[in-house]
Amino acid sequence: MEAHILVVDDDPVIRHVLSAVLGSDGYRVTLASGGEEALRAANASPPDLVVVDAMMDGMDGYEVCRRVRAGTSAGSPPYVLLLTASASTVDGARAAAAGIDAVVAKPVDAPGLLARVRQALSGRQGGP
């Protein structure tokens with residue numbers, strides 16, 4: 001069974017690009033345009049990995065991560081990649097407290113993202 005990745009971004013172009021990149025590598029991708037939608041999607045089908053935008057209207061990426069991890073029942077929580085327009089603006093303490101595993105700068109480098117995703121999922125069942 002292929003790994004399940006939840007992509008959360010309020011920009012439809014970024015969602016589309018990430019879905020195409022990840023889907024072409026064999027991952028099952030679920031898209032969410034914001035925090036509440038992401039929580040519903042994660043509850044319905046727990047992801048192996050979450051790619052979430054740091055800055056979104058309403059619930060930001062830090063809070064999405066915190067809530068997805070808090071809502072994880074059996075098994076290990078998903079690996080979380082935080083997308084940001086500027087990695088230098090990421091609050092390291094806040095990211096650690098939320099459970100964010102790694103930061104990815106926008107614009108996203110597709111080969112670099114895929115390498116990071118493969119590495120993150122290599123120790124988990126359900127790789128592509």
Side-chain angles (χ1 to χ4, degrees):
M1 185 170 158
E2 74 270 355
H4 176 216
I5 299 176
L6 174 59
V7 173
V8 188
D9 199 302
D10 54 1
D11 183 328
V13 173
I14 292 174
R15 285 194 312 271
H16 174 77
V17 169
L18 292 176
S19 177
V21 167
L22 295 166
S24 71
D25 209 45
Y27 298 106
R28 181 169 57 96
V29 180
T30 299
L31 303 176
S33 61
E36 293 298 330
E37 186 178 351
L39 297 178
R40 285 191 300 275
N43 190 38
S45 179
D48 299 297
L49 187 141
V50 178
V51 179
V52 61
D53 186 21
M55 300 304 295
M56 296 183 291
D57 288 337
M59 191 183 310
D60 66 14
Y62 298 93
E63 184 64 14
V64 170
C65 178
R66 189 188 68 71
R67 289 191 187 187
V68 165
R69 285 183 171 275
T72 302
S73 53
S76 60
Y79 191 92
V80 179
L81 295 174
L82 183 72
L83 295 177
T84 180
S86 175
S88 65
T89 62
V90 172
D91 179 340
R94 186 173 178 215
I100 292 163
D101 296 296
V103 176
V104 176
K106 290 181 183 180
V108 175
D109 168 62
L113 175 67
L114 289 174
R116 187 169 291 234
V117 167
R118 287 182 198 124
Q119 180 182 22
L121 294 174
S122 66
R124 298 173 179 255
Q125 278 188 299

Minimum-distance pair of heavy atoms, taken over all atoms of [X] and [Y]:
X	Y	answer
G34	M56	CA-SD, 4.3 Å
V80	G99	CB-O, 4.3 Å
V68	A42	CG2-CB, 4.1 Å
P47	P78	O-CB, 3.4 Å
D60	A54	CB-O, 3.2 Å

### Task
Could you go through the side-chain contact (heavy atoms from CB on, under 4.5 Å) check for V52 and L82 one step at a time?
CA-CA 5 Å; V52 61; L82 183 72; 4.1 Å; yes
### Query
Does the pair R66/E63 count as a salt bridge with the N-to-O cut at 4.0 Å?
yes
### Query
Salt-bridged, K106 to D9, with N to O below 4.0 Å?
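The answer is yes: the pair qualifies as a salt bridge.
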Could you tell me the separation between the [atom1] atom of [X] and the [atom2] atom of [Y], rounded to the nearest 0.5 Å?
X	Y	atom1	atom2	value
I5	R28	CD1	CZ	10.0 Å
R118	L113	CZ	CG	9.5 Å
E37	L6	CD	CG	9.0 Å
S33	D53	OG	CG	11.5 Å
D25	E2	CG	CD	12.0 Å
Y62	I100	OH	CD1	6.0 Å

Heavy-atom side-chain contact between [X] and [Y] under 4.5 Å:
X	Y	result
Y27	L49	no
V108	V17	no
T30	V7	no

### Message
Please evaluate residues D101 and R69 with respect to the criterion salt bridge (charged side-chain N to carboxylate O under 4.0 Å, His left out), reporting the C-alpha separation (whole Å), side-chain torsions for both, the decisive distance (0.1 Å), and the verdict.
### Response
CA-CA 12 Å; D101 296 296; R69 285 183 171 275; 2.6 Å; yes
### Query
Are any side-chain N or O atoms of R15 and backbone N or O atoms of L31, one a donor and one an acceptor, separated by less than 3.5 Å?
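Such a contact is absent between R15 side chain and L31 backbone.
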### Query
Would a distance-only check, ignoring hydrogens and angles, find a side-chain to backbone donor-acceptor pair under 3.5 Å from S122 to Q119?
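Yes.
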